[in-house]
Amino acid sequence: MHAEQILEGLNSYQREAVTHFEGPLLILAGAGSGKTRTITHRIAYLMAHYGVPPSQILGVTFTNKAAEEMRARVERLVGMHQTPWIRTFHSTAAAILREQIHHLGGNYRSNFTILDEADSRTALTQVIKELGYSDLGVSPAIVAAVIDRAKDELISPEEFAERRAGQFDDQMLDFLDRVYKHYQRRLASSNALDFADLIRLTVQLFQERPDILERYRERFRFILVDEYQDTNYAQYVLTRLLAEKHQNICVVGDDDQAIFSWRGADPTNIFKFEQDFPTCKIVQLKANYRSTARILRAASSVIANNQFRKPKELIAQRHEGDRITLYPARDERDEAEFIAQEIWRLWKVEGVPLNQIALLYRVNTLSRVLEETLLRWHIPYEIVRGLKFYERAEIKDIIAYLRVLYNPQDDLSLVRVINKPRRGIGEKTIALLQTQARREGLSLWGALERIEQNGALGSAVKTRLREFASLISELRDAALKETPSELTEELLVRTGYLQELQNEADAEERLGNIKEFIGFMRESECPGGLGELLERLALVSEADTYDSTQERVALMTLHAAKGLEFGYVFIVGLEENLLPHSKSIREGTVEEERRLCYVGLTRAKEKLYLTLTAQRSLYGSLLLNAPSRFLWELPKEEIEAPLSATLWR
């Protein structure tokens, strides 16, 4: 496509952002303002008009789905198969580390494994047990959160005790310090990284090796970062390191949609951009193409009450639309009944596709009564919550096998599969192998290769271990020649996993899951083979798993709804202590809850429904919450309540 054609259909704000060439650029992109269109057209214009080679452009976003959409759009615009690097933050870091991690020394090699959240928790549980802290009663999830936050702040295990002194009592600090160090040694010996390590170690690499940093600065002379308000400190430092030399950095974001501080995101990064790059140009995308004028006025009225924000204007480009429906229910069952009845009317009378309807709530527990009611009304729905498919035991088993074939040093995966299916290698044998591995400074696979020197193991057990090691070695050879789907089919047969599974009571369902997984691998065969597949699986996010083509109502938290849009949106439970959440009220973070409410309001394109109850059974108690403070911030003229509603105030 010719450069001038790339500008066709863009409004004046978008054109200003797209045609900017060199130097820092801050794009303030409000909800529904066409930011993805702006980013992709800017990338295409850099190539088509300014002649920037695609290899010199790096685009960074937060979900695989967003990255794939951006790549596809750029390809359509420029008509080229060669596109820039457009990846998530973690995928970008992983790709750099695949090329350079050996420079960090230690046991790290390019075939490292990336642990997902569940694997990381399992490893931490084992570490806590090994250190004799099981009786302390501290949840591994809490420990994981502390370590993840430390890594996001670029605090290494060696710095932890000093940097966190005063934040915990001496006993807890010593416990966390020892667990963090031991956990990190466990990962290193397994040639494994968790999510937070990907960014932290990339920053460490660049700081220790300026020559390598210089190579990537020259490689990526133009950098574009999406959702900049959601970056944490480590991502912020990584971005700055890459951009400091040429300063051709464009960041896109909206401080009004900064809702992830609980996982380390720092919305002040978008404010600091002007300080970091004083010569930056600022462009605000003012035109909103998503919501009706009434919805947009309501959302703008709410978010205007935040003090810590950049003032901005959004101009609706669509029709006036219906007023917002407010339903004050007697209780959660009355609330759910109203929602189901209205969905049924939209679906059966007005012909609205179910995938255009979403129910959003602050906490997952609100979904229970909603689900029961939708089932009774025979309304198909989908819970968009987590990665249930990939968390199923048989899928985790297959992924663990594939990880061992790719990286035999991965102790966690090896322990999971060494006796699946049952081959007479019990916990006692595994413990003896682990003892040998620790004594000789080896991985579990290394100990397997030296079992002849292990006098604690009997001859029969050694035979079984040799057979297992031989099988893994043969499958590793097959991995060099076969696609991941072919390899998976072979290992299922050769390991005996499939045969044992067929004898299980729920065999039909589990075999169906395996077929679905293999089908997914066939559909998305990765050019990078097994390594690329495992990386994609490890970095998949909640948003990536939502399929908007399914004819079902979507139920999800407000956090999960970020980046999505629906024709008809119900925001459930607009009550004090739910939205805003009681924790935010205690901790003084109500402004983020207001941003969360704003995100929910701006997901709606055609019609918005708000519900609340006079009393609600939740967590085993009867709650008498007041209406949410955010309701009073809505313009009254934009609200209507059905005559059937029970108005108690």
Side-chain angles (χ1 to χ4, degrees), residues 62-66 116-118 121 141 259-260 262-263 329 332-333 335-344 346-347 352-396 506 509-510 512-513 516-517 520 537 540-575 578-579 581 596-597 599-601 603-604 608-613 616-620:
F62 275 86
T63 68
N64 292 309
K65 186 174 285 187
D116 61 22
E117 186 175 312
R121 300 296 177 271
I259 59 173
F260 295 114
W262 51 275
R263 69 181 189 196
E332 69 275 10
R333 297 201 175 276
E335 177 184 56
E337 196 69 20
F338 163 75
I339 291 169
Q341 184 176 343
E342 186 62 14
I343 290 174
W344 185 268
L346 291 169
W347 180 28
V352 174
L354 289 179
N355 60 3
Q356 278 299 304
I357 302 173
L359 310 187
L360 311 181
Y361 34 77
R362 177 62 176 87
V363 291
N364 277 314
T365 45
L366 292 189
S367 75
R368 183 183 61 82
V369 176
L370 295 171
E371 289 185 69
E372 291 174 3
T373 309
L374 292 175
L375 283 169
R376 190 158 36 79
W377 279 77
H378 303 289
I379 297 173
Y381 67 89
E382 175 185 3
I383 297 284
V384 183
R385 181 196 303 157
L387 312 171
K388 288 184 178 178
F389 181 81
Y390 297 107
E391 291 170 359
R392 290 166 178 155
E394 59 275 13
I395 305 303
K396 293 284 285 183
D506 55 353
E509 181 184 350
R510 296 178 69 186
N513 291 335
E516 174 73 17
F517 185 50
F520 155 74
L537 291 173
V540 71
S541 70
E542 187 175 85
D544 296 324
T545 63
Y546 172 61
D547 184 358
S548 61
T549 64
Q550 295 294 315
E551 279 292 319
R552 300 188 187 116
V553 174
L555 277 68
M556 67 184 81
T557 64
L558 287 157
H559 284 102
K562 176 82 180 342
L564 302 176
E565 59 181 35
F566 300 89
Y568 301 79
V569 169
F570 294 77
I571 301 182
V572 183
L574 266 160
E575 302 152 30
L578 285 180
L579 185 66
H581 195 275
L596 189 58
C597 181
V599 165
L601 297 171
R603 297 313 93 193
L608 182 62
Y609 299 83
L610 309 176
T611 68
L612 65 157
T613 64
R616 184 184 298 276
S617 296
L618 196 66
Y619 309 124

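The shown structure was predicted, so the numbers you read here are calculated from the model rather than taken from an experiment. Just the heavy atoms: all of them, side chains too, but no hydrogens, waters or symmetry mates, feed the values below.
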Inset, instruction - Can you sort out the partners of Tyr568 under ring-ring contact (aromatic ring centres under 6.0 Å, His included), two or more places apart, ordered by chain and number? - result: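 None.
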
Legend entry - Qualifying residues under ring-ring contact (aromatic ring centres under 6.0 Å, His included), relative to Tyr381, sequence neighbours excluded: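 With sequence neighbours excluded, Tyr381 shows a ring-ring contact (aromatic ring centres under 6.0 Å, His included) to no residue whatsoever.
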
Tell me, do [X] and [Y] make a side-chain contact under 4.5 Å, heavy atoms counted?
{"X": "Leu578", "Y": "Val572", "result": "no"}
{"X": "Met556", "Y": "Leu360", "result": "yes"}
{"X": "Ile339", "Y": "Thr373", "result": "no"}
{"X": "Phe570", "Y": "Ile343", "result": "yes"}

For [X], what residues pass the salt bridge (charged side-chain N to carboxylate O under 4.0 Å, His left out) criterion, not counting sequence neighbours?
{"X": "Glu565", "value": "Arg290, Lys605"}
{"X": "Arg603", "value": "none"}
{"X": "Arg263", "value": "none"}
{"X": "Glu372", "value": "Arg333, Arg368"}

Legend entry - Cationic N near anionic O, under 4.0 Å, Glu575 to Arg362: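 Salt bridge absent between Glu575 and Arg362.
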
Inset, instruction - Hey, can you tell me if Phe520 and Phe517 have their rings parallel, tilted or perpendicular (30° and 60° cut-offs)? - result: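 Ring orientation of Phe520 relative to Phe517: parallel.
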
